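Just below is one structure, and these are the notes that go with it.
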Amino acid sequence: MNITVIGAGYVGVTTSIAFAEQGYHVFVVDSDKEKLEKLNHAILPFYEEGMEEILKSLLEQQQLIFTNNIQDAVRQSEFIYIAVGTPPLPSGAANLEQIEQVSKAVGSALQEYRTIVIKSTVPIGTGEKVEFIIKEQLNLRKKDIKFDVVANPEFLREGSALHDALYPDRIVVGCENVRARQMMEKLYQHSKAPILFTNRKEAELIKYASNAFLATKISFINELARVSEELGVNISIVSKGMGMDKRIGADFLRAGIGYGGSCFPKDTRALLAMSSEVGMPLKILDAAVGINETQVTWFMKKISNLFGSLEDKHIGVLGLTFKPNTDDIREATSLKLIKELLLHKAIVSAYDPKSTALVKTIYPEIWITTDPLDAINNVDAAILVTEWDEIVHMDWKEARRRVRQPYLFDGRNVLEPKKMAEYGFYYEGVGVGNLRKENLHG
Ligand code: UGA
């Protein structure tokens, strides 16, 4: 069976590679010729460990073809996946321009029955919209061709994208009739993951609800961390104790300086916009988004309280990407933190193993290095923002020798406070509060 995947972004490329790995022939369609040229040479537009090697071998086996010829790809494929971007509008709602364009293109390319599957994260009711646009195109062409539109949201995480696409916890398939369901059953016949069949709108909402719930879980623990700090309680131990309850689960319960990325911030705001549109604004989610938006400011207060003024203080930021094992800095906490540090007139240096060039263009006044020790040379405080292995396991003994003042802020609660104290650091995590003045000078 052949599959066409439209959109060569993170989700589109990963989905294509996962299908190709399962033995399907995949046409990946995109309008960006430069991107296609690179992909044809196994150069990915994003960083994902080990993926370029897999892509290279799939290209050699001709399991995957990158093309801008949508007509041809649609003609040769039983399934047409739509995996284009749905970026946010100023209101927070998802912009469906690309989805609409692609639907029109599919409508004008259709020659016989096809199953059209929406992989992009789309607002509830988009499946219907896509169906309508395709029908319109067919009417214009005076063709009566049968097709189905299915919702099959993606749950992969950056940094473990291919693993998540190949071994998902569950596959959610939203379809409106038996034929579409049978087609999807055939497509996923070799998959070991449980498949949940729903209607289209339910599948669309499952995607938003899952991301919103995970984001809320993080904001819950982050807000509790603020309280813990006042109560003198260690939030990491509290998370551990809570997470051992299977009903709660330990994942996404790690306090930190906030979540970022291209998904949680965008999808939570989109769901908020949708809920307001129907007159039922989601209050818990609204609070979760608010907590995330102020988490960096709360964290910054700890730093500025310590120094009084940050003017001309040299601060080393460790980690720039929104999470480890990606080169993505979209909505990264580091960017908000650096902005605040610069507003307080601090001198900033930074380290990241993967994302330096783009950050340099955003903040040309900061010095970015690819050596974590250089980034904290002579600093008054070091702040761990992204828990890259290169940072967590750096030579902290040597780091202590390099800094001017040994203040260490762990924005992800990943370092061992005791060990750091042994090296001579004044360690401060999130929801721990070790560096309080009374502790320091008490
Ligand atoms: C997220 C979801 O986890 C995926 O299931 C989903 O498919 C994807 O969005 C999407 O919609 O495309 P992703 O954004 O790649 O995946 O990354 P996550 O691992 O979820 O991390 C998101 C943010 O939460 C990061 O900034 C991370 O540092 C933060 N986080 C995560 C915490 O602050 N605490 C935690 O305990 C876990």
Side-chain angles (χ1 to χ4, degrees), residues 7 9-15 18 46-48 83-88 94 119-122 152-165 167-172 203-225 235-236 238-240 242-243 248-271 288-289 291-293 295-296 299 319-337 355 384-388 391-392 410-414 429-431:
Y10 225 111
V11 170
V13 171
T14 310
T15 305
F46 50 83
Y47 169 74
E48 194 70 33
V84 291
T86 51
K119 192 49 107 181
S120 311
T121 300
V122 290
N152 176 208
E154 184 50 65
F155 302 103
L156 62 83
R157 291 159 301 173
E158 293 187 21
S160 53
L162 194 55
H163 177 274
D164 292 349
Y167 311 103
D169 286 347
R170 82 298 205 187
I171 295 166
V172 175
E204 288 165 345
L205 187 53
I206 286 171
K207 167 70 194 194
Y208 278 107
S210 301
N211 274 1
F213 188 79
L214 292 171
T216 304
K217 218 176 159 189
I218 299 171
S219 278
F220 176 84
I221 205 71
N222 283 344
E223 189 180 31
L224 200 63
I235 195 70
S236 297
V238 176
S239 296
K240 194 172 175 186
M242 288 171 66
I248 298 173
D251 292 340
F252 288 74
L253 212 53
R254 189 168 36 81
I257 53 172
Y259 61 76
S262 65
C263 304
F264 284 179
K266 169 174 86 77
D267 294 351
T268 47
R269 285 181 206 129
L271 185 53
V289 169
I291 287 156
N292 196 58
E293 281 169 357
Q295 189 71 354
V296 166
F299 191 73
L320 296 169
T321 51
F322 85 96
K323 64 185 266 188
N325 307 318
T326 172
D327 58 356
D328 200 342
I329 56 157
R330 282 176 288 178
E331 301 256 0
T333 324
S334 66
L335 300 181
K336 293 190 217 166
L337 181 79
S355 189
L384 186 154
V385 179
T386 316
E387 66 277 29
W388 283 96
I391 296 170
V392 177
D410 180 355
R412 297 290 169 192
N413 285 357
V414 283
V430 173

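As the structure is a prediction and not an experimental result, all values here were calculated from the model. In each ligand, atom 1 is the first atom listed, and ligand 1 is the first ligand listed.
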Below the 3.5 angstrom mark, is there an N/O of [X], backbone or side chain, next to an N/O of ligand 1?
X	answer
R254	yes
F322	yes
L214	no
F155	yes
C263	no

Of all the atoms in ligand 1, which lie at a distance below 4.0 Å from a heavy atom belonging to D267?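 It comes down to these atoms of ligand 1: 11 (O).
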
Between F252 and F264, is there a side-chain heavy-atom distance shorter than 4.5 Å?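 Counting from C-beta outward, F264 and F252 do come under 4.5 Å.
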
Of all residues at least two apart in sequence or in a different chain, which pass the ring-ring contact (aromatic ring centres under 6.0 Å, His included) check with Y10?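 Per chain and number, Y10 pairs via ring-ring contact (aromatic ring centres under 6.0 Å, His included) with F46.
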
Using non-hydrogen atoms of the residue, decide whether [X] is closer than 4.0 angstrom to ligand 1.
X	result
N211	yes
E387	no
K207	yes
G256	no

Let me confirm one number: the CZ-CG distance from R157 to L214, rounded to the nearest 0.5 Å.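 The CZ atom of R157 sits 9.5 Å away from the CG atom of L214.
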
Rounded to the nearest 0.5 Å, what's the gap from CZ on R330 to CG on L335? Could you check?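 Rounded to the nearest 0.5 Å, the CZ-CG separation comes out at 12.0 Å.
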
Side chain or backbone of Y10 under 4.0 Å from ligand 1, or both, or neither, by non-hydrogen atoms?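 Under 4.0 Å from ligand 1, Y10 contributes no heavy atoms.
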
Tell me the contacting part of K323 for ligand 1: side chain, backbone, both, or neither, using a 4.0 Å heavy-atom threshold, strictly below.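 Within the 4.0 Å criterion, K323 contacts ligand 1 through side-chain atoms alone.
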
In the protein, what heavy atom is nearest to [atom], and what distance, to one decimal place, separates them?
atom	value
atom 1 (C) of ligand 1	F264 CE2, 3.5 Å
atom 16 (O) of ligand 1	R157 CG, 3.6 Å
atom 32 (C) of ligand 1	I218 CD1, 3.6 Å
atom 6 (C) of ligand 1	L156 O, 3.2 Å
atom 35 (C) of ligand 1	F252 CA, 3.7 Å
atom 15 (O) of ligand 1	E158 N, 2.7 Å

Using salt bridge (charged side-chain N to carboxylate O under 4.0 Å, His left out) as the criterion, point out the one residue from K336, K323, R269 that pairs with E331.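 Going through the options one by one, the only one that passes is R269.
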
So which of I257, V430, T386 actually passes side-chain contact (heavy atoms from CB on, under 4.5 Å) with R412?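 By the side-chain contact (heavy atoms from CB on, under 4.5 Å) criterion, R412 pairs with just one of I257, V430, T386: I257.
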
side-chain contact (heavy atoms from CB on, under 4.5 Å) between L337 and T333: does it pass, once the steps are laid out? CA-CA 6 Å; L337 181 79; T333 324; 5.6 Å; no

Taking every non-hydrogen atom, the tightest pair across Y259 and P265: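 In this case the closest contact between Y259 and P265 is CE1-N, 4.0 Å.
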
